[in-house]
Amino acid sequence: MYLYRLYQLFIFLPLILVATILTAVVTVTGCFLGNGHFWGYYPGKLWSQLTIRLLFLPVKVEGCENLVKGQSYVFVANHQGMFDIFLIYGFLNRNFKWMMKKSLRKVPFVGAASQAAHHIFVDRSGASAIKRTYDEARKILDEGMSLVVFPEGARTFTGHMGFFRRGAFALADELGLPVCPLTINGSFQVMPRMRDYRWVEWHPLSLTIHKPIAPIGQGRENIDYLKNESYRVVMGGLVKNHQGYVENPDQ
């Protein structure tokens, strides 16, 4: 354990700091001069893969065969910890935009790169701000992109799931898109929110890409169906000791 921490301090941190700055510069420059969908995704994907590989974290991905080439999806995942970002960005192998907390805009380099890449910052400060957020998400989906959302809206304190908010499912309903549930395991053990920016703990990570859930119509019944079925599927993919609802006070 002590050797792993020394490695993080003297080798991993300097390398990932340089990689983060380079990734941000490449993303901002590429999005300004070229194709924003390309430069807004691939540098971040490589950065995420590098982060996990430098930490020697094993990754297992299941269900890639469930995705259809060229199809847009609203991906919904449980939110175990900070490493959810690296796992999905690096290993989903699908060009997409994030829906993320607006506070992330202030993170050095990462915020600027995310803004240049046109990831969507969720603003819940009022009705008009929420409407602008979902108008932006709707535009991205209309362009044929996919979207990744953490419908809990907050990371877990226990490894268990809270409830799912309706917003992502309402977007899928409006545009007639399938929802693809993702289950993340292991991120809570690597770095839960209670240990933000502290030592990384070695633990395998897994990402399960479940079969997409097709809409059954349009309207409230469909939204509830997509939400409830996604919740059931994501929950079913969790390891046994993290199954079951636990209230999250941040929700």
Side-chain angles (χ1 to χ4, degrees), residues 1 4 7-8 12 16 41-42 44-69 71 73-100 146-164 168 178-213 226-227 229-246 248:
M1 177 183 290
Y4 191 46
Y7 167 80
Q8 290 178 48
F12 169 74
I16 208 61
Y41 171 66
Y42 286 100
K45 175 183 178 179
L46 294 174
W47 171 71
S48 296
Q49 290 178 342
L50 179 66
T51 300
I52 286 181
R53 297 309 188 199
L54 283 175
L55 289 166
F56 309 109
L57 301 174
V59 173
K60 181 180 181 181
V61 181
E62 296 181 305
C64 292
E65 69 279 2
N66 292 326
L67 301 180
V68 176
K69 186 177 181 179
Q71 171 66 55
Y73 296 101
V74 176
F75 292 99
V76 295
N78 60 310
H79 206 358
Q80 285 203 332
M82 183 185 296
F83 274 73
D84 299 346
I85 307 296
F86 303 121
L87 183 60
I88 292 177
Y89 216 159
F91 298 92
L92 181 59
N93 288 325
R94 199 77 174 193
N95 199 331
F96 65 86
K97 301 295 183 186
W98 290 103
M99 287 191 75
M100 56 178 66
S146 291
L147 198 64
V148 174
V149 186
F150 295 113
E152 292 168 276
R155 289 173 292 163
T156 178
F157 285 98
T158 63
H160 295 259
M161 287 167 57
F163 62 83
F164 277 3
V179 173
C180 185
L182 306 173
T183 298
I184 293 169
N185 281 295
S187 178
F188 184 74
Q189 286 80 6
V190 172
M191 186 177 284
R193 63 185 303 177
M194 301 83 75
R195 293 203 319 266
D196 275 354
Y197 306 109
R198 301 182 190 177
W199 300 114
V200 171
E201 300 296 331
W202 187 94
H203 194 280
L205 295 164
S206 73
L207 175 66
T208 303
I209 305 168
H210 299 283
K211 291 183 178 179
I213 302 169
L226 294 173
K227 179 171 71 74
E229 186 65 9
S230 295
Y231 191 90
R232 182 189 67 80
V233 171
V234 175
M235 177 76 76
L238 288 171
V239 295
K240 294 296 182 183
N241 62 320
H242 283 160
Q243 290 189 3
Y245 167 80
V246 173
N248 185 333

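These figures come from a predicted structure and were not determined experimentally. Atom set for the values below is all heavy atoms of this structure, side chains included, hydrogens, waters and symmetry mates excluded.
- Note that the OG1 atom of T51 and the CD1 atom of I16 stand 3.0 Å from one another [nearest 0.5 Å].
- The heavy-atom pair separating L54 from F12 by the smallest distance is CB-CD1, 3.7 Å.
- Partners of F163 under the ring pair (Phe, Tyr, Trp, His ring centres under 6.0 Å) rule, at least two apart in sequence or in another chain, do not exist in this structure.
- No side-chain donor-acceptor contact under 3.5 Å links N95 and K45.
- For Y7, the ring pair (Phe, Tyr, Trp, His ring centres under 6.0 Å) partners two or more places apart in sequence, or in a different chain, are F56.
- Among residues two or more places apart in sequence or in another chain, the side chain to side chain contact (heavy atoms under 4.5 Å, CB included) test is passed with E229 by I213, Y225, R232, V233.
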Would I184 and I88 count as a side chain to side chain contact (heavy atoms under 4.5 Å, CB included) if you check the C-alpha gap in whole Å, the side-chain angles of each, and the deciding distance to 0.1 Å?
CA-CA 9 Å; I184 293 169; I88 292 177; 3.8 Å; yes
List the steps, then state whether side chain to side chain contact (heavy atoms under 4.5 Å, CB included) holds for M161 with Y245.
CA-CA 5 Å; M161 287 167 57; Y245 167 80; 6.0 Å; no
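- Side chains of L67 and F75 form a contact here, defined as non-hydrogen atoms less than 4.5 Å apart.
- The closest side-chain heavy-atom distance from F91 to I52 is below 4.5 Å.
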The test is side chain to side chain contact (heavy atoms under 4.5 Å, CB included); show your working for M194 and F188 and say whether it passes.
CA-CA 10 Å; M194 301 83 75; F188 184 74; 3.8 Å; yes
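- Applying the ring pair (Phe, Tyr, Trp, His ring centres under 6.0 Å) criterion to Y42, with sequence neighbours excluded, gives F38.
- Screening residues 55-64 for salt bridge (charged side-chain N to carboxylate O under 4.0 Å, His left out) gives K60-E62 as the qualifying pairs, with residues at least two apart or on separate chains.
- When all heavy atoms of V200 and Y4 are compared, the pair lying nearest together is O-CE2, 3.5 Å.
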After noting the C-alpha distance and the side-chain angles of L182 and I209, does the key distance pass the side chain to side chain contact (heavy atoms under 4.5 Å, CB included) rule?
CA-CA 5 Å; L182 306 173; I209 305 168; 3.9 Å; yes
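- Here the closest heavy-atom approach between residue W202 and residue L55 is recorded as CD1-O, 4.0 Å.
- Checked against side-chain hydrogen bond (donor to acceptor under 3.5 Å, both in side chains), H160 has no partners two or more places apart in sequence or in another chain.
- Tested against L207, the residues T183, V59, L87 include a single side-chain contact (heavy atoms from CB on, under 4.5 Å) partner, L87.
- Rounded to the nearest 0.5 Å, atoms CG (L92) and SG (C180) are 7.5 Å apart.
- Residues passing the side chain to side chain contact (heavy atoms under 4.5 Å, CB included) test with Q71, sequence neighbours excluded: V68, Y73, R94, L177, P178.
- Under the rule for a side chain to side chain contact (heavy atoms under 4.5 Å, CB included), the partners of A168 that lie at least two apart in sequence or sit in another chain are V74, V76, V149.
- Here side chain to side chain donor-acceptor pair (under 3.5 Å) pairs that include residues 185-198, with residues two or more places apart or in two chains, are D84-S187, R155-D196, R193-D250.
- In terms of the side chain to side chain contact (heavy atoms under 4.5 Å, CB included) criterion, residue partners of I85 (sequence neighbours excluded) are, by chain and number, W98, F150.
- The distance from the CE atom of M191 to the CH2 atom of W199 is 10.0 Å, given to the nearest 0.5 Å.
- Between V234 and H210, the shortest heavy-atom distance links the atoms CA-NE2, 4.4 Å.
- By the ring pair (Phe, Tyr, Trp, His ring centres under 6.0 Å) test, F86 pairs with W47, F83, sequence neighbours left out.
- Formation of a donor-acceptor pair under 3.5 Å by the T156 side chain with backbone atoms of T158 is found in this model.
- G90 approaches S48 most closely through the heavy-atom pair N-CB, 3.7 Å.
- Nearest heavy-atom pair, A77 versus E152, reported as atom, atom and distance to 0.1 Å: O-OE1, 4.3 Å.
- Take Q8 and apply the side-chain hydrogen bond (donor to acceptor under 3.5 Å, both in side chains) test, not counting sequence neighbours, and it matches no residue.
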